[in-house]
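These numbers come from a predicted model, not from an experiment. Order of appearance sets the numbers: ligands from 1, and atoms from 1 within every ligand.
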Amino acid sequence: DNEDYILQTINLSKSFGGIKAVNNVSFKVKPKENLGVIGPNGAGKTTMFNLITGYIPIDSGEIIFENNNIEKLPARKRSLTGISRTFQTSQLFLDLTIKENLFLAANKNQNTYNIFIPWNKDKEKIEKSIEIAKEIGLYDNFNVKAKELPHGKRRLLGIGQALISDSKLLMLDEPAAGLPAQERNTISKLIKKITKELTLIIIDHDMDIIFDLADRVLVMNQGEILAIGDPEEIQNNEEVQRIYVGGE
Ligand code: ATP
């Protein structure tokens, strides 16, 4: 029954020129589930995120979020329904402080980024910014500019920005990529903590993080779903093993 799912894609497709980046992808996600997404470079993982969030338009298919078709909604409206994401490359304002970055993200829903909203006028959003800064462990750096932060903390801030809009579905695109082991561990712990109340879809090449966090793992290859199942099933799947031989 569809009501058991928070998100469903049906035959989702997107081509760039001759490349079928996402090809007839159908899957369902349960509320509060943690879905890991893996697959080799160019498999279509980020494109799938871009389609679900409305960052790029679909060619065909359906995206159903909480029983409503959203594939025709612009990205901003989708985020208002409770879908938020991070990007592979940081979307931070490097010259602004953590406080300002969070406050702007808290106001993002209303009118993309409205940089003219004065700090101090909106008690509720200020408090939310403080709460999120504490949650991501950056309250001590509240008035530090984003550019002063090491990369691991910038990633935490990016996750904080995605969290601040009370999202129901959080989509993280390689939150731990390129970080040293200790920082990957910090990110992974934070994600575990915040996803108790959320539905999570996470792309990462770090199998330890994926298999640790995920209830189910979706494997993409050449735009298609190669396999979807619980972590043990996926680890023992021969086709999955084959695409990773010599890879990553
Ligand atoms: P990675 O793990 O390297 O991030 P990915 O699984 O996220 O890879 P995508 O970035 O979704 O893969 O790319 C899927 C395919 O679509 C690739 O062949 C890529 O070159 C192509 N592609 C993605 N975005 C565009 C674009 N804007 N224009 C043209 N081709 C694109």
(message) Check whether D230 reaches the backbone of E232 with its side chain - one donor and one acceptor, N or O, closer than 3.5 Å.
(response) yes
(message) Determine whether a donor-acceptor pair (N or O, by modelled atom type, separation under 3.5 Å) exists between the side chain of T9 and the backbone of V25.
(response) yes
(message) I need the nearest protein heavy-atom contact for atom 21 (C) of ligand 1: residue, atom name and distance, please.
(response) F16 CD1, 3.9 Å
(message) I need the nearest protein heavy-atom contact for atom 10 (O) of ligand 1: residue, atom name and distance, please.
(response) T46 CB, 3.9 Å
(request) If you have a sec, work out which protein heavy atom is nearest atom 4 (O) of ligand 1 and how many Å separate them, to one decimal? (result) Q88 NE2, 3.2 Å
(request) State whether a side-chain donor-acceptor pair under 3.5 Å links D173 with T86. (result) no
(request) Hey, could you give me the CG/NZ distance between L92 and K145, rounded to the nearest 0.5 Å? (result) 14.0 Å
(message) Under 3.5 Å between any N/O of G44 and any N/O of ligand 1: does that happen in this structure?
(response) yes
(message) Checking contacts now, so for atom 19 (C) of ligand 1, which I'm interested in, is there any protein heavy atom under 4.0 Å?
(response) no
(request) Classify the contact between H205 and ligand 1 as side chain, backbone, both or neither, using a heavy-atom distance cut-off of under 4.0 Å. (result) side chain
(message) I need the nearest protein heavy-atom contact for atom 2 (O) of ligand 1: residue, atom name and distance, please.
(response) K45 NZ, 2.8 Å
(message) Checking a contact table here: which protein heavy atom is nearest atom 13 (O) of ligand 1, and how many Å away?
(response) T47 OG1, 3.8 Å
(message) So for ligand 1, is A43 a polar contact partner (N or O within less than 3.5 Å, distance only)?
(response) yes
(request) State if E174 counts as touching ligand 1 under the rule of any non-hydrogen atom under 4.0 Å. (result) yes
(message) So, regarding I19 and ligand 1 (criterion: nitrogen or oxygen to nitrogen or oxygen, under 3.5 Å), is there a contact or not?
(response) no
(message) Is the shortest side-chain heavy-atom distance between L163 and S84 below 4.5 Å?
(response) no
(request) Using the ring of F27 (Phe, Tyr or Trp, six-membered ring only), decide whether R216 places NZ or CZ under 6.0 Å from its centre and within 45 degrees of its axis. (result) no
(message) I want to confirm something. Looking only at heavy atoms, which of G18, G42, A21 is nearest to atom 17 (C) of ligand 1?
(response) G42
(request) Quick one: look up the protein heavy atom nearest atom 3 (O) of ligand 1 and list residue, atom name and how far away it is. (result) N41 ND2, 2.8 Å
(request) Count the heavy atoms belonging to other residues, nucleotides or ligands that lie under 6.0 Å from NZ of K30, then report whether that count exceeds 12. (result) no
(message) Quick check: do T97 and F142 have side-chain heavy atoms less than 4.5 Å from each other?
(response) no
(message) Tell me if the CD atom of Q222 is crowded by more than 12 foreign heavy atoms within 6.0 Å.
(response) no
